[in-house]
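Comments concern the structure below.
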Amino acid sequence: MKRIEISIKTEFIKLDSLLKYAGVVETGGIAKEIIQDGNVKFNGEVCTMRGKKVRDGDIITIEELNTEIEII
């Protein structure tokens with residue numbers, strides 16, 4: 001599994017924006033589709049809310065893309 005560590009300068013970043021920021025997807029439309037299809041796990045649980053606030057210490061897993069993103 002590919003592991004990406006991302007540092008954010010704000011209190012949080014929205015889940016769909018994080019996927020674009022990390023370079024996992026090319027567009028917000030693709031991020032929206034992946035999230036709404038239930039292919040994204042937020043700290044181990046499926047999350048379908050694209051506006052979910054992601055903060056330091058959270059781990060996002062996209063098994064379909066074999067990728068894990070950790071906010072540091």
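Remember, predicted model here, so these are calculated numbers, not experimental data.
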Spacing of [X] atom [atom1] and [Y] atom [atom2] [to the nearest 0.5 Å]:
{"X": "Ile35", "Y": "Arg50", "atom1": "CD1", "atom2": "CZ", "value": "8.0 Å"}
{"X": "Thr67", "Y": "Arg3", "atom1": "OG1", "atom2": "CZ", "value": "11.5 Å"}
{"X": "Asp58", "Y": "Ile72", "atom1": "CG", "atom2": "CD1", "value": "13.0 Å"}
{"X": "Lys52", "Y": "Ile60", "atom1": "NZ", "atom2": "CD1", "value": "9.0 Å"}
{"X": "Asn43", "Y": "Arg55", "atom1": "CG", "atom2": "CZ", "value": "11.5 Å"}

- Query: Do Ile69 and Val54 have side-chain heavy atoms sitting under 4.5 Å apart?
  - Reply: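 Result no, sub-4.5 Å side-chain heavy-atom pair not found.
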List in chain and number order the residues that pass salt bridge (charged side-chain N to carboxylate O under 4.0 Å, His left out) with [X], two or more places apart in sequence or in another chain; answer none if no residue qualifies.
{"X": "Glu26", "value": "none"}
{"X": "Glu33", "value": "none"}
{"X": "Glu64", "value": "none"}
{"X": "Lys41", "value": "Glu63"}

- Evaluate side-chain contact (heavy atoms from CB on, under 4.5 Å) for Asp37 paired with Thr48, printing each intermediate quantity in order. CA-CA 7 Å; Asp37 287 349; Thr48 57; over 6 Å; no
- Item | Phe42 with Ile4, same ILVMFWY side-chain cluster at under 4.5 Å |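 Yes, because Phe42 and Ile4 connect within a single hydrophobic cluster, where side-chain heavy atoms sit under 4.5 Å apart.
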- Message: Tell me whether Ile59 shares a hydrophobic cluster with Ile71, the cluster being built from Ile, Leu, Val, Met, Phe, Trp, Tyr side chains joined at under 4.5 Å.
- Response: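 In one cluster with Ile59: Ile71, no.
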- State which residues pass side chain to side chain donor-acceptor pair (under 3.5 Å) with Gln36; sequence neighbours excluded, sorted by chain then number.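 In terms of side chain to side chain donor-acceptor pair (under 3.5 Å), with neighbours along the sequence ignored, Gln36 is linked to no residue.
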- Message: Restricting to side chain to side chain contact (heavy atoms under 4.5 Å, CB included), what partner residues turn up for Asn66, sequence neighbours left out?
- Response: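 Once residues adjacent in sequence are excluded, the partners of Asn66 under the side chain to side chain contact (heavy atoms under 4.5 Å, CB included) criterion are Met1.
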- Full working for side-chain contact (heavy atoms from CB on, under 4.5 Å) between Val40 and Val46: CA-CA 6 Å; Val40 176; Val46 173; over 6 Å; no
Can I get a per-line list of side-chain donor-acceptor pairs under 3.5 Å for residues 9-22, giving both atom names and the distance, sequence neighbours left out?
from: Thr10; atom 1: OG1; to: Phe12; atom 2: O; distance (Å): 2.8

